[in-house]
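Once you've had a glance at the structure underneath, I'll fire off some questions.
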Amino acid sequence: MSTPTGLIDVHHHAVPPLYAEALGDRKAIPGVDYPDWTPEQSLEVMDAHGIAAAVLSITAPGVTFLDGPDAPKMARRVNEYLAGLVREHPTRFGAFAILPLPDVAAARDEFHYAMDELSLDGAGLLTSYGRRYLGDPEFEPLLAEIAERGAAVHVHPATPPSRDLETFDLPASLYEFTFETTRTAASLLFNGVLDRLPDLRLILSHAGGTLPFLARRLTHGPTIGAYLKDRVPADVIGALGRLHYDIAMSANEFALPALTRLAGPGHILYGSDYPFMPASHTAENTAGFAAYDGWTEAERAEVGRTNALRLLPALAARLAG
């Protein structure tokens with residue numbers, strides 16, 4: 001097994017100081033230790049594991065912990081901070097813009113500012129806002145604009161909005177995050193969004209949560225409930241196969257075969273989940289990526305690098321010089 005080089009990490013988080021200060025003592029993700037982070041730490045981990053460039057994003061809770069105009073103001077400040085890092089390290093960092101949902105109008109304004117003025121690489125969304133998942137009709141105008149623009153969207157799970165779920169005193173990110181990704185994908189499927197927006201370039205976190213395992217089950221909606229006859233997508237498996245999936249926390253012998261069967265190597269991207277997963281996990285995940293025997297070496301190069309460059313043309317242009 002050779003050591004990978006030139007990887008593009010599409011699931012790599014930033015913790016800007018201004019954001020951490022605003023978050024204060026709130027737990028970003030209940031039960032999860034909040035990491036210390038600096039750009040220099042990211043670069044050190046990247047250099048140690050063959051990661052040429054990382055596309056930075058903000059994890060849950062985004063800016064949802066702020067009310068009224070404070071949320072879009074924080075999103076603007078964070079995006080300008082990320083843009084500054086990209087300017088300082090144009091071949092090492094990209095960034096997905098944080099958008100101040102559930103305020104769709106403010107999110108549309110910030111998306112255009114982030115793309116047109118800051119030249120960021122796409123948008124970062126959470127799986128839900130309040131009790132609404134991404135397939136909610138309220139969010140479709142924003143998704144349609146993003147799709148028309150051809151921008152990539154990295155979708156990261158959030159803590160489940162339902163407060164009556166039994167947690168077993170375990171953090172949501174341990175297992176619930178995978179279900180949140182599945183819930184938002186199901187909402188996109190059965191509300192018809194993926195059929196109406198076939199060019200929407202979504203990147204789902206963590207190998208799509210439980211989607212590879214449940215993909216065939218999701219085709220049986222009308223069999224289970226006849227009322228779903230008019231809501232089931234024309235081709236559930238095809239719609240899921242058009243999506244893109246990062247392999248953060250998922251580059252292992254259990255997840256990769258199912259994901260590869262569902263999406264094919266052309267729709268899978270490398271991810272580390274640093275710093276919310278430590279450098280030791282970056283080593284583990286990178287080793288799993290390098291060792292998986294279900295891809296050819298050409299396909300491994302697609303997963304590790306070229307798929308990301310195809311989805312992120314601004315980053316590709318910076319790397320090309």
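Sequential numbering from 1 along the given sequence is applied to the chain's residues.
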- Partner set under side-chain contact (heavy atoms from CB on, under 4.5 Å) for M46, not counting sequence neighbours: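 With neighbours one apart ignored, the set is H12, S42, L43, I51, A54, R92, F93.
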- Message: According to ring-ring contact (aromatic ring centres under 6.0 Å, His included), who are the partners of Y245, at least two apart in sequence or on a separate chain?
- Response: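 With neighbours one apart ignored, the set is empty.
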- With rounding to the nearest 0.5 Å, note down the distance linking CG in D273 to CG in N285.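 Output value for this atom pair is 8.5 Å.
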- Query: What closest approach, in Å, do A158 and T127 show between heavy atoms, and which atom pair accounts for it?
  - Reply: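 Nearest heavy atoms, A158 then T127: N-OG1, 3.1 Å.
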Hey, can you pull the donor-acceptor pairs under 3.5 Å for the side chains in residues 217-227, sequence neighbours left out?
unit_1 : atom_1 : unit_2 : atom_2 : d
T219   : OG1    : R216   : O      : 2.6

- With sequence neighbours excluded, tell me which residues meet side-chain contact (heavy atoms from CB on, under 4.5 Å) with T182.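 Listed in chain order: T210, L211, L214.
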- Would you list the pairs meeting salt bridge (charged side-chain N to carboxylate O under 4.0 Å, His left out) in which at least one residue belongs to residues 166-186, sequence neighbours left out?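 Found E176-R183, E180-R183.
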- Path from L262 to F213 over hydrophobic side-chain contacts below 4.5 Å: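 Different clusters.
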- Item | Donor-acceptor contact below 3.5 Å, side chain T178 vs main chain G209 |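 No, because the side chain of T178 does not come within donor-acceptor range (under 3.5 Å) of the backbone of G209.
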- Euclidean distance, R300 CZ relative to I268 CD1, rounded to 0.5 Å: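 Reported to 0.5 Å precision, the distance equals 11.5 Å.
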- Give the minimum heavy-atom separation between R201 and A151, together with the two atoms involved.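 Smallest heavy-atom distance, with atoms named: CB-O, 3.9 Å.
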- Taking C-beta and beyond as the side chain, do Y292 and P257 meet within less than 4.5 Å on heavy atoms?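 Sidechains of P257 and Y292: in contact.
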- N79-R76 side chain donor-acceptor pair, cut-off 3.5 Å: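 The answer is no; no qualifying pair exists.
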- Kindly write out the residues that satisfy ring-ring contact (aromatic ring centres under 6.0 Å, His included) with H244, not counting sequence neighbours, or none if the list is empty.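 With neighbours one apart ignored, the set is H267.
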- Where is the tightest heavy-atom contact between S205 and D246, given as atom of each residue plus distance?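 Scanning both residues, the minimum pair turns out to be CA-OD2, 3.4 Å.
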- Query: Residues in side chain to side chain donor-acceptor pair (under 3.5 Å) with R87, at least two apart?
  - Reply: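 Once residues adjacent in sequence are excluded, R87 has no partner under the side chain to side chain donor-acceptor pair (under 3.5 Å) criterion.
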- Quick one: CD1 on I247 to CG on N252, what's the gap to the nearest 0.5 Å?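 Going from the CD1 atom of I247 to the CG atom of N252 covers 9.5 Å.
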- Item | Nearest heavy atoms of A290 and P4, plus distance in Å |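 Minimum heavy-atom separation between A290 and P4: CB-CG, 3.7 Å.
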- Closest approach of T296 to E299 (non-hydrogen atoms, all atoms of both residues):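 The answer is N-OE1, 2.9 Å.
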When the side chains of residues 61-69 are checked against the rest of the protein, which donor-acceptor pairs come out under 3.5 Å, sequence neighbours left out?
unit_1 : atom_1 : unit_2 : atom_2 : d
T64    : OG1    : P61    : O      : 2.6

- With salt bridge (charged side-chain N to carboxylate O under 4.0 Å, His left out) as the test, would you mind laying out the steps for D116 and R149 before giving the verdict? CA-CA 11 Å; D116 297 332; R149 178 73 179 249; 2.7 Å; yes
- Please check if L240 and V155 belong to a single hydrophobic cluster, counting links between Ile, Leu, Val, Met, Phe, Trp and Tyr side chain heavy atoms closer than 4.5 Å.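 Yes, L240 connects to V155 through the hydrophobic network.
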- Query: Taking atom types as modelled, is there a side-chain donor on D9 or H49 under 3.5 Å from an acceptor on the other?
  - Reply: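 Short answer, no.
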- Task: Scan side-chain atoms only and decide if H13 and S57 contain a donor-acceptor pair under the 3.5 Å cut-off.
- Result: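 S57 and H13 do have a side-chain donor-acceptor pair below 3.5 Å.
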- Query: Taking only residues two or more places apart in sequence, or in another chain, which ones meet E138 in a salt bridge (Lys or Arg N to Asp or Glu O under 4.0 Å)?
  - Reply: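 Salt bridge (Lys or Arg N to Asp or Glu O under 4.0 Å) list for E138, sorted by chain: R132.
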- Item | Contacts of Y270 that satisfy ring-ring contact (aromatic ring centres under 6.0 Å, His included) - sequence neighbours left out |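 Partners of Y270 by the ring-ring contact (aromatic ring centres under 6.0 Å, His included) criterion, ordered by chain and then number, come out as F289.
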- Out of curiosity, does Y133 fall in the hydrophobic cluster containing L99 (side-chain heavy atoms, cut-off under 4.5 Å, transitive links)?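 Per the 4.5 Å side-chain linkage, L99 and Y133 are not co-clustered.
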- Query: Can you name the residues that form a ring-ring contact (aromatic ring centres under 6.0 Å, His included) with F190, not counting sequence neighbours?
  - Reply: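 For F190, no residue satisfies ring-ring contact (aromatic ring centres under 6.0 Å, His included) once neighbours in sequence are set aside.
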- Message: Do F168 and Y175 have side chains that approach each other closer than 4.5 Å (heavy atoms only, starting at C-beta)?
- Response: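 They are in contact (side-chain heavy atoms under 4.5 Å apart), so the answer is yes.
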- Message: Taking L200 as the starting point, is it possible to reach Y129 by hopping between hydrophobic residues whose side chains are less than 4.5 Å apart?
- Response: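 Yes: a chain of side-chain contacts under 4.5 Å links Y129 to L200.
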- Item | Within 6.0 Å of CD in E145, more than 12 heavy atoms from elsewhere |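 Count over threshold, so yes.
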- Message: For residues L197 and I146: do they belong to one hydrophobic cluster (side chain heavy atoms under 4.5 Å, members Ile, Leu, Val, Met, Phe, Trp, Tyr)?
- Response: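 They do share one cluster, since a chain of ILVMFWY contacts under 4.5 Å joins L197 to I146.
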- salt bridge (charged side-chain N to carboxylate O under 4.0 Å, His left out) between D121 and R318: does it pass, once the steps are laid out? CA-CA 11 Å; D121 294 283; R318 293 197 300 274; 3.1 Å; yes
- Task: Could you please spell out the steps behind the side chain to side chain donor-acceptor pair (under 3.5 Å) verdict for E80 and Y113?
- Result: CA-CA 10 Å; E80 290 178 340; Y113 179 79; 2.7 Å; yes
- Item | Other ILVMFWY residues reachable from L269 by side-chain steps of under 4.5 Å |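 So far as hydrophobic clustering goes, L269 is joined with I8, V10, V55, F96, I203, L309, L311, L312, L315, L319.
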- For the pair H11 and H154, name the ring-plane relationship: parallel under 30°, tilted 30 to 60°, perpendicular over 60°.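 Plane angle over 60°, so perpendicular.
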